Chemist: 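Below are the structure tokens for one structure; questions will follow.
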There are 2 protein chains.
Amino acid sequence: MSVIAKKQESSTNAERRRRGKELILRVAEEVFANLGFQGATMTEIGKRAGLPKANIHYYFSSKAKLYQRVIDNVFTVWLKAADKFDDHDDPRQALTAYISAKMELARSRPNGSKVWANEIIRGAPMIRDYLETHLLDWCISREARIQSWIDRGMMRPVNPRYLLYMIWASTQHYADFGTQITVLNNGEALSDEAFDEAKNTLIDVILNGLLYESN
Amino acid sequence: MSVIAKKQESSTNAERRRRGKELILRVAEEVFANLGFQGATMTEIGKRAGLPKANIHYYFSSKAKLYQRVIDNVFTVWLKAADKFDDHDDPRQALTAYISAKMELARSRPNGSKVWANEIIRGAPMIRDYLETHLLDWCISREARIQSWIDRGMMRPVNPRYLLYMIWASTQHYADFGTQITVLNNGEALSDEAFDEAKNTLIDVILNGLLYESN
DNA sequence: GTCTATAGAATGATAGAC
DNA sequence: GTCTATCATTCTATAGAC
């Protein structure tokens with residue numbers, strides 16, 4: 001076997017290993033979201049991934065480590081969507097883009113949002129440092145941006161932080177409380193059209209609540 | 001011992017028993033809120049209540065039954081606050097009263113809100129029937145009320161259901177995500193003044209977003 | 001009613017064969 | 001790398017003394 005062939009085989013194995021880890025992470029996100037950290041079991045994660053639990057321990061040394069990796073992914077995805085906030089220097093466009101991005105995330109990755117919510121409700125034992133550093137930094141810089149809009153008379157004066165909380169809460173609700181929303185929708189998940197209407201209602205009320213008539 | 005004395009003693013014992021159950025329920029709400037259903041243990045509940053776990057089982061036959069009772073209490077308290085919605089036939093007054101009541105509940109009973117959130121995130125296994133009956137009924141009647149305001153030109157047209165979700169989400173956030181809010185507040189819980197400002201921001205944005213200038 | 005002790009089941013983690 | 005078998009721990013729940 002040539003060196004090149006060896007390299008290719010090695011690359012293939014690495015690739016397979018990566019895919020195995022990806023699969024486990026995806027399944028683990030779902031299980032942690034629906035059962036909480038304590039409720040989730042390695043056996044259940046293994047079962048849904050089609051593996052004995054010993055294999056999960058082979059890839060991720062402990063349940064806590066696996067959970068930490070799931071949380072890392074959730075935060076990475078959130079950060080990426082949150083950057084939509086910076087695309088425009090106009091409150092109407094920026095807030096519309098941000099609310100839309102958050103709603104699309106709630107739609108496409110509800111389990112990530114649930115894991116995050118579960119973790120916060122528990123008192124954030126695993127991610128306190130994220131909150132104290134990355135999240136706080138993100139907030140401070142965006143609050144400055146919102147304040148500059150207020151100072152320039154582009155929107156009504158509100159405490160920027162409470163505005164951010166309002167947007168987080170009302171968008172993430174469609175992921176975290178998806179079960180309740182489905183039950184109240186006669187047991188059917190919101191259609192794409194209904195979800196769009198919900199999104200537009202949020203944008204409509206918040207922008208109307210913040211912007212002056214003239215804008 | 002006279003019959004009256006016997007009656008009094010019996011009443012005192014019943015009273016003590018009731019107080020014992022109350023204490024356990026209060027402690028259980030806190031433990032379920034912070035650890036989730038699976039994370040909460042009878043040992044921990046007993047420890048915080050100053051009792052061995054066998055006593056908890058004496059008062060509540062099983063962990064599931066105790067949890068169900070905690071959930072019952074949460075829903076009862078919520079229903080009472082939700083009635084604030086009916087005190088006025090004017091959107092400004094009614095929505096202000098309702099948002100205020102929800103925020104006061106988030107402030108005074110954050111653990112109840114967290115238990116509810118945990119239960120919904122898990123897929124509402126224990127309270128699906130509540131959602132399908134009591135909560136749905138409550139929604140339908142209040143949506144009709146909101147719709148009548150819209151029909152009478154008292155507020156801008158929005159889908160009443162998504163407005164309710166917005167109010168629930170943005171108020172309950174202050175309970176469910178209290179840990180995150182505290183960390184972002186430099187590790188200190190929101191002061192009464194800050195909480196009031198948050199409440200007024202919500203009322204301000206939502207009412208401004210819904211009502212016509214002339215109102 | 002209250003407690004100690006323990007049964008019986010489930011879980012995270014690992015050893016060791018293949 | 002993958003699997004079976006198993007250990008050590010922890011949990012719900014109950015038995016039984018007081």
Side-chain angles (χ1 to χ4, degrees), chain A residues 1 6-25 27-32 34-71 115 118-119 122 125-126, chain B residues 1 6-25 27-32 34-71 118 122 125-126:
Chain A
M1 192 183 282
K6 255 189 190 161
K7 256 193 175 167
Q8 280 177 337
E9 189 196 37
S10 166
S11 160
T12 300
N13 285 344
E15 181 67 14
R16 197 166 300 160
R17 184 186 171 93
R18 195 186 61 76
R19 263 204 284 271
K21 289 183 93 164
E22 288 292 326
L23 171 65
I24 293 169
L25 282 169
V27 168
E29 182 177 287
E30 183 187 327
V31 176
F32 281 126
N34 293 318
L35 300 175
F37 177 72
Q38 315 265 359
T41 67
M42 301 302 267
T43 304
E44 179 65 23
I45 293 170
K47 193 159 69 181
R48 294 204 204 181
L51 298 165
K53 65 178 172 179
N55 290 37
I56 316 291
H57 275 100
Y58 175 74
Y59 284 108
F60 303 90
S61 57
S62 72
K63 182 182 175 181
K65 283 262 172 55
L66 172 57
Y67 180 75
Q68 186 67 252
R69 286 290 308 276
V70 168
I71 288 269
V115 171
N118 255 324
E119 171 67 9
R122 287 203 308 153
M126 318 282 269
Chain B
M1 190 183 285
K6 254 188 190 163
K7 255 193 174 165
Q8 280 177 341
E9 190 197 36
S10 165
S11 160
T12 300
N13 284 343
E15 181 66 15
R16 196 168 299 158
R17 184 186 170 95
R18 195 187 61 75
R19 263 203 284 270
K21 290 183 90 166
E22 288 293 325
L23 171 65
I24 293 169
L25 281 169
V27 168
E29 181 177 288
E30 182 187 327
V31 176
F32 281 126
N34 293 319
L35 301 175
F37 177 72
Q38 315 264 0
T41 66
M42 301 302 265
T43 304
E44 179 64 23
I45 294 170
K47 192 160 69 182
R48 295 204 204 182
L51 297 166
K53 64 179 171 178
N55 291 35
I56 316 291
H57 275 101
Y58 175 76
Y59 285 108
F60 302 91
S61 57
S62 72
K63 182 181 175 181
K65 283 263 172 56
L66 172 57
Y67 180 75
Q68 185 68 251
R69 286 290 308 276
V70 169
I71 289 267
N118 255 324
R122 287 202 308 152
M126 318 282 270

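A, B, ... follow the sequence lines: proteins, then strands. Residue 1 opens every chain. Here the structure is a predicted model, which is why all the values come from computation and not from measurement.
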Chemist: If I compare all heavy atoms of B/Ala28 with all of B/Val70, which pair ends up nearest, and what's the gap?
Modeler: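 For B/Ala28 and B/Val70, the tightest heavy-atom pair comes out as CB-CG2, 3.9 Å.
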Chemist: So which atom in A/Ile56 and which in A/Gly46 form the shortest heavy-atom distance, rounded to 0.1 Å?
Modeler: CD1-CA, 3.9 Å
Chemist: Should the pair A/Phe37 and A/Phe32 be assigned to parallel (<30°), tilted (30 to 60°) or perpendicular (>60°) ring geometry?
Modeler: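 Parallel, since the angle between the ring planes stays under 30°.
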Chemist: From the 5' end of DNA chain D to its 3' end, which nucleotides mark the outer limits of contact with chain A, defined by a 4.0 Å heavy-atom distance cut-off (strictly under)?
Modeler: D/dG1 to D/dT4
Chemist: Please report the closest heavy-atom contact between A/Ser61 and A/Lys65, naming both atoms and the distance.
Modeler: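 Between these two residues, the closest heavy atoms are OG-CG, 3.5 Å.
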Chemist: Write down the atom of B/Val31, the atom of B/Ala40, and the distance for their closest heavy-atom approach.
Modeler: CG1-CB, 3.6 Å
Chemist: In terms of heavy-atom contacts, does NZ of A/Lys21 have more than 12 from other residues, nucleotides or ligands at under 6.0 Å?
Modeler: yes
Chemist: Have a look at B/Tyr59 and say if it touches a base, only the backbone sugar-phosphate, or nothing, with a 4.0 Å heavy-atom cut-off.
Modeler: sugar-phosphate
Chemist: Nucleotides 9-15 of chain C: which of its N/O atoms have a protein N/O under 3.5 Å away?
Modeler:
from: C/dG12; atom 1: OP1; to: A/Ala40; atom 2: O; distance (Å): 3.3
from: C/dG12; atom 1: OP1; to: A/Lys63; atom 2: NZ; distance (Å): 2.9
from: C/dG12; atom 1: OP2; to: A/Met42; atom 2: N; distance (Å): 3.0
from: C/dG12; atom 1: N7; to: A/Lys53; atom 2: NZ; distance (Å): 3.1
from: C/dA13; atom 1: OP2; to: A/His57; atom 2: NE2; distance (Å): 3.0
from: C/dA13; atom 1: OP2; to: A/Lys63; atom 2: N; distance (Å): 2.8
from: C/dA13; atom 1: N6; to: A/Lys53; atom 2: NZ; distance (Å): 3.0

Chemist: Check A/Glu30 against A/Arg48 and note the closest heavy-atom contact, atom names and distance.
Modeler: OE2-NH1, 2.6 Å
Chemist: For B/Gln38 and B/Lys63, which heavy atoms make the closest approach, and how far apart are they?
Modeler: O-NZ, 3.5 Å
